[in-house]
Amino acid sequence: MLLTCASLLLATMGIGLVRALRGPTPADRLLALQLLGTSGIGVLLLLAAALEMPALNDVGLVFSLLAAVAVFAITRKRRHAPAASEAAPPTAGNTVSTAADHEQAA
């Protein structure tokens with residue numbers, strides 16, 4: 001029973017990996033990575049009980065701490081990153097203009 005649950009969690013991890021790679025927005029990718037971390041911890045805890053290896057419980061706890069730190073680091077990096085409109089120069093297809101663009105052109 002425990003191994004069946006672990007295999008189902010592994011299947012959800014596969015789906016989450018696809019979403020993390022193809023996610024249309026950074027928020028989708030972040031949530032998919034959270035799913036991978038949480039499911040991975042669940043798999044470790046289930047395997048610890050099924051295989052009677054208490055060391056896997058410790059590994060799961062360490063992974064849970066690392067997952068929390070990783071989410072904090074990713075969200076902090078995203079908050080301090082320059083916006084896409086500030087980082088990339090305007091292209092020919094960009095039709096959005098601001099007052100600052102008109103002042104520079106004059």
Side-chain angles (χ1 to χ4, degrees):
M1 180 69 173
L2 293 174
L3 293 177
T4 303
C5 291
S7 63
L8 288 174
L9 281 176
L10 283 173
T12 63
M13 289 177 71
I15 295 168
L17 184 62
V18 170
R19 177 55 64 191
L21 295 174
R22 300 178 74 200
T25 65
D28 288 333
R29 290 187 173 119
L30 181 64
L31 288 174
L33 290 174
Q34 277 296 107
L35 171 72
L36 289 174
T38 304
S39 298
I41 293 165
V43 168
L44 285 172
L45 295 176
L46 287 171
L47 288 177
L51 302 176
E52 297 177 2
M53 295 179 64
L56 291 177
N57 288 329
D58 296 335
V59 174
L61 289 173
V62 169
F63 279 178
S64 66
L65 292 173
L66 288 175
V69 171
V71 169
F72 176 75
I74 290 171
T75 55
R76 187 167 174 93
K77 181 179 178 186
R78 289 278 306 155
R79 186 173 56 175
H80 293 298
S85 61
E86 296 173 6
T91 59
N94 188 0
T95 59
V96 177
S97 62
T98 62
D101 292 335
H102 292 290
E103 289 176 13
Q104 289 177 354

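- Taking CG of L10 as the start and CG of L46 as the end, the distance is 9.5 Å to the nearest 0.5 Å.
- The CG atom of L61 sits 11.0 Å away from the CG atom of L66 when rounded to the nearest 0.5 Å.
- Nearest heavy-atom pair across L45 and N57 is CD2-OD1, 3.3 Å.
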* To do: Test D28 against R19 for side chain to side chain contact (heavy atoms under 4.5 Å, CB included), laying out the working first.
  => CA-CA 7 Å; D28 288 333; R19 177 55 64 191; 4.2 Å; yes
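- In this structure, the separation between CG on L30 and CG on L35 is 11.5 Å, given to the nearest 0.5 Å.
- Taking all atoms of both residues into account, the shortest heavy-atom contact from A32 to A20 is CB-N, 3.6 Å.
- Taken together through direct or relayed side-chain contacts under 4.5 Å among Ile, Leu, Val, Met, Phe, Trp and Tyr, M1 and L8 form parts of separate hydrophobic clusters.
- Between F63 and L44 the shortest heavy-atom distance is CD1-CD1, 3.4 Å.
- Across all non-hydrogen atoms, the minimal contact from G42 to L9 is C-CD1, 3.8 Å.
- Here the closest non-hydrogen pair linking R22 and R29 is C-NH2, 4.3 Å.
- Heavy-atom minimum distance, A50 versus L2: N-CD1, 3.7 Å.
- Annotation: the span from T38 atom OG1 to M13 atom CE amounts to 9.5 Å, rounded to 0.5 Å.
- In terms of hydrophobic clustering, with Ile, Leu, Val, Met, Phe, Trp and Tyr side chains grouped at heavy-atom distances under 4.5 Å, L17 and L31 are assigned to different clusters.
- At distances below 3.5 Å, not a single donor-acceptor pair connects side-chain atoms of S39 with backbone N or O atoms of L36.
- Residues I15 and I41 do not share a hydrophobic cluster, clusters being chains of Ile/Leu/Val/Met/Phe/Trp/Tyr side chains in contact below 4.5 Å.
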